[in-house]
Amino acid sequence: MLGAKDFIGGADYLSFRIRGSHKANAIRIALDPMDTYTVTFWKIRSPNIKEVGRFEGIYCDMLHDLIRRVTGLNTNL
């Protein structure tokens, strides 16, 4: 539903680009030591990269609502 592409993963994070949102077009979800997530949203237009939002202490059940609130896109039906 997000049109996610260009996935990049590491030991404790996942980054990807999305389509269809005018607010943000890239997301990075990083696992924190406290078993929560830090979610960062960016607007990337080459050569400019602007951080749109950074949210710390996000639990897994909060990810859908956070992505919908920031991007305006639903992650499920």
Side-chain angles (χ1 to χ4, degrees):
M1 306 237 356
L2 295 174
K5 62 180 184 172
D6 300 334
F7 291 92
I8 300 172
D12 61 351
Y13 73 92
L14 176 67
S15 296
F16 53 93
R17 306 266 317 246
I18 61 172
R19 299 186 326 192
S21 173
H22 297 290
K23 299 175 185 177
N25 61 4
I27 301 173
R28 179 180 172 134
I29 303 172
L31 180 63
D32 298 328
M34 298 298 295
D35 204 25
T36 59
Y37 296 97
T38 297
V39 183
T40 309
F41 297 89
W42 290 290
K43 181 70 172 183
I44 300 173
R45 287 192 77 181
S46 187
N48 301 322
I49 300 174
K50 178 183 176 187
E51 186 176 298
V52 176
R54 181 181 182 92
F55 303 88
E56 298 178 353
I58 303 298
Y59 292 99
C60 64
D61 60 345
M62 300 165 64
L63 286 172
H64 291 286
D65 291 332
L66 178 65
I67 292 171
R68 186 181 70 236
R69 187 167 24 114
V70 174
T71 66
L73 300 173
N74 286 321
T75 57
N76 54 12
L77 293 173

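Everything numeric here is computed off the predicted structure, so don't read it as measured data.
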Nearest heavy-atom neighbours spanning [X] and [Y]:
X   : Y   : result
K43 : V52 : N-CG2, 3.6 Å
N74 : R68 : OD1-CD, 2.8 Å
L73 : R19 : CD1-O, 3.5 Å

Using atom types as modelled and distance alone, determine if a side-chain donor or acceptor of [X] lies under 3.5 Å from a backbone N or O of [Y].
X   : Y   : answer
T36 : D32 : no
S21 : T71 : yes
D12 : A30 : no
K50 : A24 : no

*Stepwise side-chain contact (heavy atoms from CB on, under 4.5 Å) test for I27 and V39*: CA-CA 7 Å; I27 301 173; V39 183; 4.0 Å; yes

*Would you kindly confirm whether L63 and W42 end up in one hydrophobic cluster when ILVMFWY residues are joined by side chain heavy atoms under 4.5 Å apart?*
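No, no single cluster joins them.
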
*Any chain of hydrophobic side-chain contacts (each under 4.5 Å) joining Y59 to I67?*
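Linked, Y59 and I67 end up in one cluster.
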
*Which value, rounded to the nearest 0.5 Å, describes the distance between D35 atom CG and C60 atom SG?*
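The CG atom of D35 sits 8.0 Å away from the SG atom of C60.
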
_If I take atom CZ from residue R69 and atom NZ from residue K23, how far apart are they, to the nearest 0.5 angstrom?_
10.5 Å

*Could you please spell out the steps behind the side-chain contact (heavy atoms from CB on, under 4.5 Å) verdict for F55 and Y37?*
CA-CA 8 Å; F55 303 88; Y37 296 97; over 6 Å; no

*Measure the acute angle between the ring planes of F7 and F16, then classify it against the limits of 30° and 60° as parallel, tilted or perpendicular.*
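Rings of F7 and F16: tilted, 30 to 60°.
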
*State which residues pass side chain to side chain contact (heavy atoms under 4.5 Å, CB included) with R54; sequence neighbours excluded, sorted by chain then number.*
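Only T38, T40, E51, E56 meet the side chain to side chain contact (heavy atoms under 4.5 Å, CB included) criterion with R54.
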
*Less than 4.5 Å apart, any side-chain heavy atom of I18 and any of F41?*
no

